[in-house]
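Here it is, the structure, as structure tokens.
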Amino acid sequence: MKKLSTLVLLMMLFTAPFVFTSCNEPTDDEYLAMLVEGGWDGIMDISYTKNDVNYPSTGTHVQFWNYANSTTSGTGKWCNQFGNTAPIKDLTYEFTWEAKDKVIYLHFKTDNNEYAEKGNMKIGTYVINSLKFTGKISTLDGSKSTDFELIHTSAPWDWDAYIIWYWDIYPFYPWYDPWYDPFYW
């Protein structure tokens, strides 16, 4: 009888953490942040103007990184590429982002590495899933906006591709995280 009571007690001790642990569903903003994190390639309806000549964007690459201690915000880079006839090949902007009330707020850095009021944008009209991100990015007051269409090209939670790439290239540096490497850009 003593063995049986000891066995029951041990079973209760081992199952207690699972019984009293709750699994919270992610909020809408946490889910949006999980979807947006990673790399996106596509087209954005913008142009670069120099000497009264407009050069349309030929491609866009956006990278969202999630902060390690946050589930709804992070940093990123937004790069618009231009064709061979343009005087520049690309324009890259760094930004911080936050998913709040189902809207993605972007705060772009200025030339002097500060975040300015004029660099505040939002993506409030969008359709996003694990493969495609389309919508409209606009100023906070809605006075200026442009459309974009992006395809998901990389994600930190795509573990199969991430682990193979990570361990093939950096097998001796387990503390190194290539997602934050400036060389990646």
Single-linkage hydrophobic cluster Ile46~Tyr55, side-chain heavy atoms < 4.5 angstrom: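 Same cluster: Ile46 reaches Tyr55 through Ile, Leu, Val, Met, Phe, Trp or Tyr contacts under 4.5 Å.
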Heavy-atom pair of closest approach, residues Gly42 and Leu150: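 It is N-CD2, 3.6 Å.
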Minimum side-chain heavy-atom gap Trp78-Thr60 below 4.5 Å: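 Of all side-chain heavy-atom pairs linking Thr60 with Trp78, at least one is under 4.5 Å.
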Donor-acceptor contact below 3.5 Å, side chain Trp97 vs main chain Thr75: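 Judged by distance alone, yes, a pair lies under 3.5 Å.
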Salt bridge (charged side-chain N to carboxylate O under 4.0 Å, His left out) involving Lys100 - partner list, sequence neighbours excluded: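 Here no residue qualifies.
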Residue list, side-chain hydrogen bond (donor to acceptor under 3.5 Å, both in side chains) with Thr49, at least two apart or on another chain: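 Listed in chain order: Asn54.
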Check: Glu149 and Asp147 side chains under 4.5 Å, non-hydrogen atoms: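 A side-chain contact under 4.5 Å is absent here.
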Test side-chain contact (heavy atoms from CB on, under 4.5 Å) applied to Leu91 - qualifying residues, sequence neighbours left out: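 Here the qualifying residues are Tyr48, Phe82, Ile88, Tyr93.
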Donor-acceptor pair, side chain of His152 and main chain of Ser130, under 3.5 angstrom: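 Yes, His152 side chain to Ser130 backbone: donor-acceptor pair under 3.5 Å.
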Closest non-hydrogen atom pair between His61 and Gly39, with its separation: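 The answer is CE1-CA, 4.3 Å.
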Partners passing salt bridge (charged side-chain N to carboxylate O under 4.0 Å, His left out) against Asp90 (at least two apart in sequence or in another chain):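 If we apply the salt bridge (charged side-chain N to carboxylate O under 4.0 Å, His left out) test to Asp90, skipping adjacent residues, there are no hits.
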CD1 on Ile137 to OG1 on Thr125, rounded to 0.5 Å: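 One gets 11.5 Å once the value is rounded to the nearest 0.5 Å.
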Point-to-point distance, once rounded to the nearest 0.5 Å, from CG of Leu32 to CD1 of Ile128: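 Separation between the atoms: 6.0 Å.
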Smallest separation among heavy atoms of Ile123 and Phe148, with atom names: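 In this case the closest contact between Ile123 and Phe148 is CG2-CZ, 3.8 Å.
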Trp40 reachable from Ile43 in the ILVMFWY side-chain graph, under 4.5 Å edges: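 Not linked; separate clusters.
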Asp45: salt bridge (charged side-chain N to carboxylate O under 4.0 Å, His left out) partners, not counting sequence neighbours: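 None.
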Check: Ser143 main-chain N/O paired with Asp141 side-chain donor or acceptor under 3.5 Å: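 Checking the backbone N and O of Ser143 against the side chain of Asp141, a donor-acceptor pair under 3.5 Å is found.
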Lys132 to Asn129 - nearest heavy-atom pair and separation: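 Closest approach of Lys132 to Asn129, heavy atoms only: N-OD1, 2.8 Å.
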Gap between atom OG of Ser154 and atom CG of Asp41 - 0.5 Å precision: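 The OG atom of Ser154 is 8.0 Å from CG of Asp41, to the nearest 0.5 Å.
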Distance, nearest 0.5 Å, that separates CG of Asp29 from CD1 of Ile104: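 Between Asp29 CG and Ile104 CD1, I get 9.5 Å after rounding to 0.5 Å.
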Parallel, tilted or perpendicular, as decided by the 30° and 60° cut-offs, for the rings of Phe133 and Phe64: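 Tilted: the ring planes of Phe64 and Phe133 meet at 30° to 60°.
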Beyond-backbone contact of Tyr126 with Val36, side-chain heavy atoms, under 4.5 angstrom: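 SC-SC contact between Tyr126 and Val36 ruled out.
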Test item: Ser145 side-chain N/O and Lys136 main-chain N/O as donor-acceptor pair under 3.5 Å: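 No; zero donor-acceptor contacts below 3.5 Å.
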Min side-chain heavy-atom separation Glu25-Tyr31 under 4.5 Å: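 No, side chains not in contact.
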Contact check, side chains of Met121 and Phe95, non-hydrogen atoms, under 4.5 Å: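 No. Closest side-chain heavy atoms not under 4.5 Å.
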Donor-acceptor contact present, side-chain Ser57 to main-chain Gln81, <3.5 Å: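 Yes; judged by distance alone, with no hydrogens or angles, the pair exists.
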Partner set under side-chain contact (heavy atoms from CB on, under 4.5 Å) for Glu30, not counting sequence neighbours: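 For Glu30, the residues satisfying side-chain contact (heavy atoms from CB on, under 4.5 Å) (neighbours in sequence not counted) are Pro26, Thr27, Thr71, Thr72.
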Leu140 side chain reached by Tyr105 side chain, heavy atoms, under 4.5 Å: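 Yes - at least one pair of side-chain heavy atoms lies under 4.5 Å apart.
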